[in-house]
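Each remark here refers to the structure printed beneath this line.
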Amino acid sequence: MESTDKQRNLDIRYLRMARIWAENSYCQRRKVGALVVKNKMIISDGYNGTPSGFENQCEDNNNVTKPYVLHAEANAITKLARSNNNSDNATLYVTAAPCIECSKLIIQAGIKRVVYGEKYRLEDGINLLKKANIEVIYLNPEENEY
């Protein structure tokens, strides 16, 4: 029981850190942050935004998200590809539920746990993760101290 409480406290703490990291996003409509943690070490981070070299503006003049904006999970996972780290058996902390495209990346990256803080109207990403036997944990921000 004690180790479960310790893990939950760590999950809450890392999810809070992902929320803080989301503040780096230039997106106006929604700011999302992600951390990849392995052996209690943050090995990658990401937030939603445009690809490197593009203007830091996520929405067009009609406040519609530009099609090339990367999700926080994709940014964190692709950052790992440029490092000496790998995400085998890691945990991804993300402030919003992963979409189906990001869920595919999560599966391929070898991530084994996903902890997220906001539900999304579509659950295909969450369902895909569960189908791949990835542990998925929703931590409601209303019920947890951030």
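Note: hydrogens, waters and symmetry copies are ignored here, and every other heavy atom, side chains too, is used. Here the structure is a predicted model, which means the values were calculated and not measured.
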task: Could you check N85, N86, N84 and say which one makes a side-chain contact (heavy atoms from CB on, under 4.5 Å) with I43?
output: N85
message: With heavy-atom distances below 4.5 Å as the criterion, would you say the side chains of I42 and M17 are in contact?
response: yes
message: Apply side chain to side chain contact (heavy atoms under 4.5 Å, CB included) to residues E59 and V69 and explain how you reach the verdict.
response: CA-CA 9 Å; E59 296 84 12; V69 168; over 6 Å; no
query: Taking the side chain from E123 and the backbone from R121, do they hold a donor-acceptor pair closer than 3.5 Å?
result: no
- prompt: Which heavy-atom pair separates D60 from N62 by the least distance, and what is that distance?
  reply: OD1-N, 2.8 Å
In one Ile/Leu/Val/Met/Phe/Trp/Tyr side-chain cluster, 4.5 Å: I77, I100: yes
query: With no hydrogens and no angle check, do the side chains of N75 and Y47 hold a donor and an acceptor under 3.5 Å apart?
result: no
task: Indicate the atoms forming the closest heavy-atom contact of A34 with A76, along with that distance.
output: CB-CB, 4.4 Å
message: Tell me which one of R113, K112, Q7 satisfies side-chain hydrogen bond (donor to acceptor under 3.5 Å, both in side chains) with T91.
response: R113
- line: d(H71 NE2, T78 OG1) to nearest 0.5 Å is 12.5 Å
field: Shared hydrophobic cluster for Y138 and I111 (ILVMFWY, side-chain gaps under 4.5 Å)
entry: yes
task: Return the minimal non-hydrogen interatomic distance between A96 and E73, and the atom names on each side.
output: O-OE2, 4.4 Å
- prompt: Is V32 linked to L105 within one hydrophobic cluster, defined over Ile, Leu, Val, Met, Phe, Trp and Tyr using a side-chain heavy-atom separation of less than 4.5 Å?
  reply: yes
statement: Scanning both residues in full, the closest heavy-atom pair of S103 with G125 reads OG-O, 2.9 Å
- request: Might you point out which heavy atoms bring C58 and G49 nearest each other, and give the distance in Å?
  value: SG-CA, 3.8 Å
- request: With rounding to the nearest 0.5 Å, note down the distance linking CZ in R13 to NZ in K40.
  value: 9.5 Å
query: Just by modelled atom types, is the A18 backbone N or O under 3.5 Å from a matching donor or acceptor in the T95 side chain?
result: no
field: Non-hydrogen atoms of E118 and R19 that approach each other most closely
entry: OE2-NH2, 3.8 Å
field: side chain to side chain contact (heavy atoms under 4.5 Å, CB included) evaluation trace for R29 with N63
entry: CA-CA 8 Å; R29 291 180 57 216; N63 203 30; 3.5 Å; yes
statement: Rounded to the nearest 0.5 Å, the CZ atom of R82 sits from the OG atom of S44 at a distance of 11.5 Å
field: Contact check, side chains of N140 and K119, non-hydrogen atoms, under 4.5 Å
entry: no
query: Taking atom CD1 of I20 and atom CG of L35, what is their separation to the nearest 0.5 Å?
result: 9.5 Å
query: Hey, any chance L92 and L128 share a hydrophobic cluster, counting ILVMFWY side chains that come within less than 4.5 Å of each other, even indirectly?
result: yes
message: Under a 3.5 Å distance rule, please check whether N48 uses its side chain to pair with a backbone N or O of S25 as donor and acceptor.
response: no
message: Measuring from atom OH of Y93 to atom CG of D45, what distance do you get when rounded to the nearest 0.5 angstrom?
response: 15.0 Å
task: Give the cluster check for V36 versus I107: same hydrophobic cluster or not, with ILVMFWY residues linked at side-chain heavy-atom distances below 4.5 Å.
output: yes
- request: Give a yes or no on whether N39 atom CG has more than 12 heavy-atom contacts from other residues, nucleotides or ligands under 6.0 Å away.
  value: no
- prompt: Can you check whether C27's main-chain N or O pairs, donor with acceptor, with K31's side chain at less than 3.5 Å?
  reply: yes
task: Mark yes when over 12 heavy atoms from residues, nucleotides or ligands other than E135 sit less than 6.0 Å from its CD; otherwise mark no.
output: yes
field: Inter-residue atom distance I126.CD1 - C99.SG, 0.5 Å rounding
entry: 10.0 Å
